[in-house]
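Numbering of residues begins at 1 and proceeds along the displayed sequence.
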Amino acid sequence: QVQLVESGGGLVQPGESLRLSCAASGSIFSFKAMGWYRQAPGKQRELVAAITPGGSTKYADSVKGRFTISRDNAKNTVYLQMNSLKPEDTAVYYCNAGVSWRTLSPSDYWGQGTQVTVSS
């Protein structure tokens, strides 16, 4: 079973930046589209960004221009650079290995989640 380990969450003030990392075990990382999802209390889990093995990306409208997803296939790691953070970005962020590019739905391979809190 593939394992995803997330890190980089924390507490920041509005306007500041944060970089999340998700390290994947196994040898299938380079064949999977990866995604970042987030879930705030009382809200549905939503796609934030996704990236194909070749580097094509998709973003939620709410984060376009502020967030950047990237991947390092040699390190089996996907990143989410979050700039100009807003309080509404506060959520638990999860990475997913195997996002469907047709539907943008996630696979069953999730990280444990990392808390991002944006507050003054």
Side-chain angles (χ1 to χ4, degrees):
Q1 182 84 348
V2 64
Q3 291 185 314
L4 307 174
V5 180
E6 296 169 292
S7 61
L11 173 64
V12 296
Q13 293 183 312
E16 295 184 341
S17 299
L18 208 57
R19 190 194 196 201
L20 306 183
S21 299
C22 177
S25 65
S27 60
I28 64 173
F29 176 85
S30 62
F31 300 100
K32 299 288 187 178
M34 303 291 294
W36 286 97
Y37 295 74
R38 67 186 181 188
Q39 187 165 27
K43 300 185 68 176
Q44 296 182 16
R45 188 175 299 182
E46 63 176 354
L47 176 71
V48 177
I51 184 168
T52 70
S56 297
T57 58
K58 291 184 178 179
Y59 296 93
D61 289 340
S62 59
V63 307
K64 286 181 179 177
R66 300 188 298 120
F67 290 11
T68 302
I69 188 171
S70 62
R71 64 192 295 161
D72 186 336
N73 289 335
K75 297 181 178 179
N76 288 349
T77 302
V78 62
Y79 306 94
L80 185 67
Q81 178 67 45
M82 303 183 292
N83 298 328
S84 301
L85 282 162
K86 304 175 180 179
E88 50 262 47
D89 295 318
T90 296
V92 178
Y93 284 71
Y94 302 89
C95 65
N96 182 269
V99 175
S100 170
W101 211 246
R102 181 177 65 86
T103 64
L104 297 182
S105 58
S107 74
D108 293 330
Y109 299 116
W110 293 97
Q112 81 285 355
T114 185
Q115 177 71 48
V116 172
T117 302
V118 185
S119 176
S120 60

Return yes if some donor-acceptor pair links the side-chain N/O of S30 with the main-chain N/O of N73 below 3.5 Å, else return no. no
Can you name the closest pair of heavy atoms from T90 and V118 and give their distance? OG1-N, 2.9 Å
Taking every heavy atom of L47 against every heavy atom of A49, the minimum-distance pair comes out as CD1-O, 3.5 Å
List the atom of A91, the atom of R38, and the distance in Å for their closest heavy-atom pair. CB-CB, 3.8 Å
Is there side-chain contact between E16 and L85, with heavy atoms separated by less than 4.5 Å? no
Mind checking the NZ-CD1 spacing from K58 to I51? Nearest 0.5 Å is all I need. 13.0 Å
Does any part of the side chain of M82, heavy atoms only, come nearer than 4.5 Å to the side chain of V116, both counted from C-beta? yes
Quick check: is L18 connected to V48 through a chain of hydrophobic side chains (ILVMFWY, heavy atoms under 4.5 Å apart)? yes
Mind listing the closest non-hydrogen atom pair of V12 and S17 along with its distance? CG1-O, 4.1 Å
G65 backbone acceptor or donor facing Y59 side chain under 3.5 Å: no
ILVMFWY cluster, L20 and V2 together (side-chain gap under 4.5 Å): yes
Is there a salt bridge (Lys or Arg N to Asp or Glu O under 4.0 Å) between K86 and D89? Walk through the geometry before answering. CA-CA 5 Å; K86 304 175 180 179; D89 295 318; over 6 Å; no
Plane angle bin for Y93 and F67 - parallel if under 30°, tilted between 30 and 60°, otherwise perpendicular: tilted
Is W36 linked to Y79 within one hydrophobic cluster, defined over Ile, Leu, Val, Met, Phe, Trp and Tyr using a side-chain heavy-atom separation of less than 4.5 Å? no
How long is the gap from CG on N76 to CE on M34, to the nearest 0.5 Å? 9.0 Å
Here the gap from C22 atom SG to Q112 atom CD, rounded to the nearest 0.5 Å, amounts to 7.5 Å
Would you please test Y94 and L4 for side chain to side chain contact (heavy atoms under 4.5 Å, CB included) and show each step? CA-CA 9 Å; Y94 302 89; L4 307 174; over 6 Å; no
With a 4.5 Å limit on heavy-atom distance, are the side chains of K32 and V99 in contact? no
May I ask you to test the K75-S21 pair for a side-chain heavy-atom distance under 4.5 Å? no
Are there over 12 heavy-atom neighbours, none belonging to Q44, within less than 6.0 Å of that residue's CD? no
Heavy-atom closest contact (T114 atom, E6 atom, distance): N-OE1, 3.9 Å
To the nearest 0.5 Å, atom CZ of R71 lies from atom OG1 of T52 at 7.0 Å
Might you point out which heavy atoms bring Y37 and N96 nearest each other, and give the distance in Å? CE1-CB, 3.8 Å
